[in-house]
Amino acid sequence: MCIAMNKENINHFEFGSPIGCIAVEDNSREITAVRFLKDKTAENFNKPSELAVLARKQLDEYFSGSRKAFDLPILMNGTDFQKSVWTELLNIPYGEICSYKDIAVRIGKPNACRAVGGANNKNNIPIIIPCHRVIGAGGKLVGYSDGLEIKKFLIDLERKYI
């Protein structure tokens with residue numbers, strides 16, 4: 001089942017996944033958000049945009065282990081700092097993890113670990129921008145706005161298909 005609607009030129013498409021209902025939002029040119037809709041079952045009302053269909057296909061491939069990288073246009077809405085963090089997240093290879101400190105160092109702000117965590121928390125395009133690949137110091141699983149169970153699932157999924 002799926003739902004697609006247009007609100008202020010934003011297409012909203014919901015579908016089921018191994019981690020529950022996911023909504024993909026787009027402006028017909030770029031993906032603007034991926035949301036986990038906890039405790040919800042996807043419903044079908046309207047036809048999804050072509051971009052939403054492509055995003056679902058790629059996400060389905062990701063969950064099946066056949067896709068390691070996404071090839072979708074995305075729109076990063078945030079501050080310059082947030083965008084620098086999100087861009088760096090795109091450089092973390094599939095199946096690998098790094099720390100908030102690692103990201104802070106890579107963007108040239110070695111003392112900005114907490115700010116990196118804040119930027120991860122504001123990432124509107126999880127999975128595609130893989131904020132789940134960032135963990136705490138000493139390998140501790142921390143800081144995932146959609147719940148640590150989803151973060152653990154995504155990390156374990158990638159390790160399974162490396």
Side-chain angles (χ1 to χ4, degrees), residues 1-5 10-26 31-44 48 51-72 74-78 81-83 85-104 106-107 112-162:
M1 294 285 231
C2 61
I3 178 175
M5 65 182 163
I10 296 294
N11 302 303
H12 178 93
F13 176 56
E14 298 176 6
F15 59 94
S17 80
I19 53 176
C21 185
I22 292 179
V24 171
E25 296 177 359
D26 70 84
I31 301 297
T32 58
V34 172
R35 304 188 193 290
F36 302 107
L37 305 177
K38 296 178 182 177
D39 304 318
K40 184 169 195 265
T41 302
E43 301 176 43
N44 184 15
L51 185 53
V53 170
L54 179 61
R56 180 186 182 165
K57 177 183 182 293
Q58 290 191 20
L59 284 162
D60 286 344
E61 292 168 349
Y62 169 81
F63 287 121
S64 73
S66 64
R67 176 167 291 276
K68 309 293 191 246
F70 292 93
D71 182 22
L72 295 165
I74 58 174
L75 178 63
M76 295 184 202
N77 278 321
F81 178 81
Q82 290 168 336
K83 290 175 187 177
V85 170
W86 301 333
T87 299
E88 190 56 41
L89 298 180
L90 292 168
N91 293 323
I92 304 170
Y94 179 94
E96 293 187 19
I97 54 175
C98 64
S99 71
Y100 295 98
K101 176 76 173 175
D102 294 332
I103 298 298
R106 290 177 193 173
I107 64 169
C113 300
R114 292 186 74 137
V116 167
N120 270 14
N121 183 266
K122 300 293 184 198
N123 174 17
N124 282 334
I125 312 174
I127 303 177
I128 296 169
I129 299 177
C131 55
H132 62 277
R133 295 178 187 155
V134 184
I135 61 172
K140 188 172 180 184
L141 200 63
V142 296
Y144 200 68
S145 63
D146 291 296
L148 291 179
E149 66 282 349
I150 291 177
K151 185 173 190 164
K152 182 178 182 339
F153 177 90
L154 296 172
I155 289 171
D156 290 347
L157 174 83
E158 291 184 12
R159 287 181 176 162
K160 177 180 175 181
Y161 292 113
I162 293 179

Quick one, [X] and [Y] - any side-chain contact, counting heavy atoms below 4.5 Å?
X	Y	result
Thr32	Asn124	no
Val24	Leu59	yes
Leu51	Phe13	no
His132	Ile150	no
Arg106	Ile92	yes
Thr87	Ile107	no
Val34	Leu72	no
Ser99	Asp102	yes

Ignoring hydrogens and geometry, is there a side-chain-to-backbone donor-acceptor pair from [X] to [Y] under 3.5 Å?
X	Y	answer
Tyr100	Asn120	no
Trp86	Ala119	yes
Lys38	Gly20	no
Lys160	Gly65	no
Asn123	Ile129	yes

Of all residues at least two apart in sequence or in a different chain, which pass the side-chain contact (heavy atoms from CB on, under 4.5 Å) check with Ile97?
->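 side-chain contact (heavy atoms from CB on, under 4.5 Å) check on Ile97 returns Ile135, Ile155, Arg159.
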
side-chain contact (heavy atoms from CB on, under 4.5 Å) partners for Glu61, two or more places apart |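 Residues passing side-chain contact (heavy atoms from CB on, under 4.5 Å) with Glu61: Lys57, Gln58, Ser66, Arg67.
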
Phe63 vs Phe153, side-chain contact (heavy atoms from CB on, under 4.5 Å): CA-CA, chis, key distance, verdict = CA-CA 10 Å; Phe63 287 121; Phe153 177 90; 4.2 Å; yes

To the nearest 0.5 Å, what is the distance between CG (Leu89) and SG (Cys131)?
->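 Leu89 CG to Cys131 SG: 6.5 Å, rounded to 0.5 Å.
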
Atom CG of Leu157 and atom CD1 of Ile127: how far apart are they, to the nearest 0.5 Å?
->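 Going from CG on Leu157 over to CD1 on Ile127, the span is 9.0 Å.
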
Within a 6.0 Å radius of atom [atom1] on [X], are there more than 12 heavy atoms belonging to other residues, nucleotides or ligands?
X	atom1	value
Asn91	CG	yes
Lys83	NZ	yes
Lys152	NZ	no

Tell me the side chain to side chain donor-acceptor pair (under 3.5 Å) pairs involving residues 17-26, sequence neighbours left out?
->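 Residue pairs passing side chain to side chain donor-acceptor pair (under 3.5 Å), neighbours aside: Asn11-Asp26, His12-Glu25, Glu25-Arg35, Asp26-Ser49.
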
Ion pair Asp60/Arg56, N-O distance below 4.0 Å =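 Yes, this pair counts.
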
Please report the shortest heavy-atom distance between Leu90 and Pro130, naming the atom on each side.
->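 Scanning both residues, the minimum pair turns out to be CD2-CD, 4.0 Å.
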
Could you tell me which non-hydrogen atom of Phe81 sits nearest to which non-hydrogen atom of Ala115, and how far apart they are?
->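 Of all heavy-atom pairs spanning Phe81 and Ala115, the closest is CE2-O, 3.5 Å.
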
Is the Tyr62 ring parallel, tilted or perpendicular to the Tyr94 ring (thresholds 30°, 60°)?
->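 Perpendicular: the ring planes of Tyr62 and Tyr94 meet at over 60°.
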
